[in-house]
Structure formats: structure tokens, C-alpha cells
S.K.: 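What follows is a single structure, and I will ask about it in a moment.
By convention in this document, chain letters (A, B, ...) are assigned in the order of the sequence lines, proteins followed by strands, and residues within each chain are numbered from 1.
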There are 2 protein chains.
Amino acid sequence: MLDYDFDESIGYWLTVTTQRYHRAFNDALVPYGITFRQSQVLGWLALEGELSQAELAGKMMIEPPTLVRILDRMERDGLIRRRPCPTDRRRKLIGVTAKAKPVWAKIVECAKGIRARATDGLTDRQQATLKKLLGRVHQNLLLTPPTELSDR
Amino acid sequence: MLDYDFDESIGYWLTVTTQRYHRAFNDALVPYGITFRQSQVLGWLALEGELSQAELAGKMMIEPPTLVRILDRMERDGLIRRRPCPTDRRRKLIGVTAKAKPVWAKIVECAKGIRARATDGLTDRQQATLKKLLGRVHQNLLLTPPTELSDR
DNA sequence: GACAATTCGTTAGCCTGCTAACTATTAGCG
DNA sequence: CGCTAATAGTTAGCAGGCTAACGAATTGTC
């Protein structure tokens with residue numbers, strides 16, 4: 001039978017919990033017409049000011065091609081602006097528009113609500129533990145996979 | 001500024017860790033020509049035998065339309081078979097093909113490897129804690145969102 | 001027995017992930 | 001200076017997530 005317990009796997013719980021989290025977040029954002037990833041873009045821009053696409057992709061831990069289409073939609077909806085970098089003609093600087101600013105205030109409320117809901121019943125210590133354990137798993141998986149004898 | 005610490009958010013760690021996990025899993029499965037979700041389908045079928053699509057979607061915690069395309073690809077690749085249910089003409093029973101069986105043995109090895117890598121440095125107690133905390137977050141987010149005054 | 005409500009699988013349309021490959025530009029080095 | 005290498009953004013193509021809406025079949029109810 002070669003059975004393998006998905007229920008017992010960390011990966012299973014990681015998957016279903018994250019899925020649930022994103023769904024809750026996206027549902028909460030529907031009234032404002034944006035998505036989880038779009039809110040994250042606005043979040044980083046609010047924190048850091050203008051960023052290039054590569055920098056933003058780095059902060060969000062996604063690949064640049066993934067970011068391109070997220071930004072395309074946000075630009076289409078008038079939430080962000082792409083501006084050519086004055087010193088490097090390859091780069092484009094991403095900035096928020098005036099239209100996005102009031103949206104951002106709503107998102108912060110939303111995010112706090114979801115976070116509170118997600119961590120309901122968990123003590124501060126437990127939340128810290130959860131983050132620490134997730135951080136360790138993340139770190140473990142960042143390392144290059146143990147391919148037999150890297151050939152370079 | 002209305003800043004909101006993505007770094008401090010459970011959602012951030014959930015997102016990046018899960019992404020990393022899926023990427024590691026998919027990378028490891030490339031030699032066998034299948035993906036994480038496809039391996040999960042084979043896993044549940046190995047455990048439970050033939051299942052309808054609705055049952056399978058329930059086990060995998062995804063929506064039926066999402067499953068349809070996953071199964072389409074697996075059927076195209078000859079890994080599974082859709083068989084009309086003899087007692088209910090709406091249902092289709094999903095079963096693995098002979099071609100899929102040797103693949104499944106490989107997947108189990110793979111999955112164990114990834115799981116070991118992900119949990120490297122974590123004690124059994126810490127792994128249990130992680131699963132318990134994830135389970136609680138998942139449970140919290142399953143509840144219907146606190147929409148103001150459900151109107152029915 | 002007939003009609004309404006429900007369930008099953010599917011399709012269409014949207015958003016998000018990835019890799020590979022391309023163009024344009026900049027950086028590095030002989 | 002000039003050529004190679006690296007970098008920034010994009011496109012194309014694939015896989016996976018969702019909701020809304022549909023036809024076919026079954027269930028429930030009067």
C-alpha cells in the first residue's frame with residue numbers, strides 16, 4: 001500500500017492553513033477591489049517609498065515575472081505608477097498614486113482584523129513560537145537541495 | 001504613514017514558508033514529471049481507493065473546479081482514470097492506472113526527504129507544537145467571518 | 001407522480017505562482 | 001575603447017487557486 005499520511009505532514013497543515021488565510025484575506029478585501037498581493041505591494045511602498053520592481057519582488061519573496069502582472073493590474077486600476085529611473089534606464093520605480101492612499105488605511109484595518117481572527121486563542125508566547133518555528137522551516141528549505149554531488 | 005509590519009505578521013511567515021515548501025516539493029518531483037498536487041491525488045487514492053471528485057476535493061481541501069483541471073492533466077498523462085459511477089450517473093470515480101503505481105513509490109521517498117529537510121533541527125515536540133498551532137489558526141479561519149449581522 | 005431543491009462535474013474568467021527565453025541597458029575587465 | 005557578463009523588465013507557456021453559472025441527474029416533498 002505504501003501509505004503516506006498527509007494528515008500527519010507539516011506540509012499538509014502548512015498548505016491548508018495558508019490557503020485559508022489567503023482566502024480570508026482576499027474575502028475581506030473584496031469591498032475595496034484589491035487582493036492580498038496588491039495590498040502587500042501597497043504595504044511595502046508605504047513603508048519604503050518608491051522601489052524598483054526587482055527590489056519589490058525581493059521584499060515580497062516572489063519572482064519578478066510574477067510581480068509584473070500584479071503591477072500591470074494595479075497600474076490599470078490606477079493604484080500605482082511606473083516611473084523610469086533617472087539614473088538607470090533599465091529600472092522602473094514603482095510609486096503609489098493619490099487614489100491608493102485612502103485604500104491603504106482600509107487595508108491596515110482589514111489586515112489587523114484578519115490577524116486577530118487568525119491568532120484568536122493564542123497567547124503572545126504561542127504566536128512568537130509559531131513564527132519562530134515557521135522561520136526555521138523556511139530557513140531549512142532555503143538551502144540548496146541535497147542534489148547528489150553538485151557538478152560545478 | 002500608517003505602517004503595517006508584514007515581517008511581524010503570521011500571514012507573512014505562513015505565505016513564504018508554504019511557498020518555499022511547495023517549490024521544494026515540486027522541484028523534487030520534476031524527475032517524475034508530476035507536481036505536488038498530483039502527488040497528493042495519488043496519495044489519497046492509494047489510501048482510500050477509488051473516490052469521486054467531490055470526495056477527493058474534500059480530502060484535499062480545494063474546490064471541485066480546481067480539481068477538475070488537475071485531474072484533466074493527470075488523465076491526459078495516463079496517471080488516473082475517470083469511471084462513471086454505476087449507482088449515480090452524476091458521479092465519476094477516480095482510480096489510479098497501472099502506470100501510476102511505480103511513480104507512487106518514488107513519491108513516498110521524495111515526500112519523506114522533503115519532510116525531513118523541512119523539519120531539520122526541530123524536535124518531535126516542536127513539530128507537534130507547530131502542527132497544533134497551525135491547526136488552531138486553520139480552525140480560527142474556518143469560522144464564518146464576523147460579517148456584521150448575518151442577514152438570514 | 002410531479003415539481004422544487006440539491007448535488008456532481010464542468011466551463012469560463014480572473015488572479016497568482018513558476019521557468020525559460022528575449023530585449024535593453026549597465027557593469028566589468030582586458 | 002570594446003567585448004563579455006550580468007542585470008532589469010517583459011513575454012509566453014504551464015500549473016494551480018477562486019467564484020459564478022450551467023446542464024444533467026438525484027433527492028425531497030407535497
S.K.: Tell me every residue that passes side chain to side chain donor-acceptor pair (under 3.5 Å) with A:D88, counting only those two or more places apart in sequence or in another chain.
M.R.: A:R90
S.K.: With sequence neighbours left out, write down each residue that passes side chain to side chain contact (heavy atoms under 4.5 Å, CB included) with A:T123, or none if nothing qualifies.
M.R.: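 Checked A:T123 against side chain to side chain contact (heavy atoms under 4.5 Å, CB included); matches are A:R125, A:Q126.
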S.K.: Output all residues satisfying side chain to side chain donor-acceptor pair (under 3.5 Å) with A:R81, sequence neighbours left out; order by chain, then residue number.
M.R.: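 If we apply the side chain to side chain donor-acceptor pair (under 3.5 Å) test to A:R81, skipping adjacent residues, there are no hits.
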S.K.: Hey, can you pull the donor-acceptor pairs under 3.5 Å for the side chains in residues 63-75 of chain A, sequence neighbours left out?
M.R.:
residue, atom, partner, partner atom, Å
A:E63, OE2, B:R23, NH1, 3.3
A:E63, OE2, B:R23, NH2, 3.4
A:D72, OD1, A:R82, NH1, 3.0
A:D72, OD1, A:R82, NH2, 3.0
A:E75, OE1, A:R82, NH1, 2.7

S.K.: Using the test salt bridge (Lys or Arg N to Asp or Glu O under 4.0 Å), find all partners of A:R136 that sit at least two apart in sequence or belong to another chain.
M.R.: B:D120
S.K.: Please produce a list of atom pairs where a protein N or O lies less than 3.5 Å from an N or O of nucleotides 4-8 of chain C.
M.R.:
residue, atom, partner, partner atom, Å
C:dT7, O2, B:R90, NH1, 2.7

S.K.: Taking any heavy-atom pair under 4.0 Å as a contact, classify A:R76: base, sugar-phosphate, or nothing.
M.R.: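 Here A:R76 touches the backbone only, sparing every base.
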S.K.: Mind checking what makes side chain to side chain contact (heavy atoms under 4.5 Å, CB included) contact with A:A100, not counting sequence neighbours?
M.R.: A:L42, A:L79, A:V96, A:T97
S.K.: Could you pull out all residues at least two apart from A:T15 that satisfy side chain to side chain donor-acceptor pair (under 3.5 Å)?
M.R.: B:H22
S.K.: For B:E55, check side chain to side chain contact (heavy atoms under 4.5 Å, CB included) against everything at least two apart and list the hits.
M.R.: B:L51, B:S52, B:R91
S.K.: Heavy atoms, side chains only, cut-off 4.5 Å: are A:S39 and A:Y32 in contact?
M.R.: no
S.K.: Polar atom pairs between nucleotides 16-20 of chain C and protein, under 3.5 Å, N or O only, would you list them?
M.R.:
residue, atom, partner, partner atom, Å
C:dT16, OP1, A:T35, OG1, 2.3
C:dT16, OP2, A:R73, NE, 3.1
C:dT16, OP2, A:R73, NH2, 3.2
C:dG17, OP1, A:R37, NE, 2.1
C:dG17, OP1, A:R37, NH2, 2.6
C:dG17, OP2, A:R37, NE, 3.1
C:dG17, N7, A:R69, NH2, 3.1
C:dG17, O6, A:R69, NH2, 2.7
C:dC18, OP1, B:R23, NH2, 2.8
C:dC18, OP2, A:E63, N, 2.9
C:dC18, OP2, A:T66, OG1, 2.8

S.K.: Take the protein atom CD1 of A:I34 and the nucleotide atom P of C:dC15, then report the distance between them rounded to whole Å.
M.R.: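 After rounding, the gap between these two atoms is 13 Å.
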S.K.: Give B:R82 one of three labels, base, sugar-phosphate or nothing, depending on what nucleic acid heavy atoms sit under 4.0 Å from its own.
M.R.: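 Since only primed, P, OP1 and OP2 atoms lie under 4.0 Å of B:R82, the category is sugar-phosphate.
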S.K.: For A:P86, which residues count as a side chain to side chain contact (heavy atoms under 4.5 Å, CB included) partner, sequence neighbours excluded?
M.R.: A:R83, A:L93
S.K.: How would you give the extent of chain B contacts on DNA chain D, as first and last nucleotide 5' to 3' within a 4.0 Å heavy-atom cut-off?
M.R.: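 In short, chain B contacts DNA chain D from D:dA15 to D:dT26.
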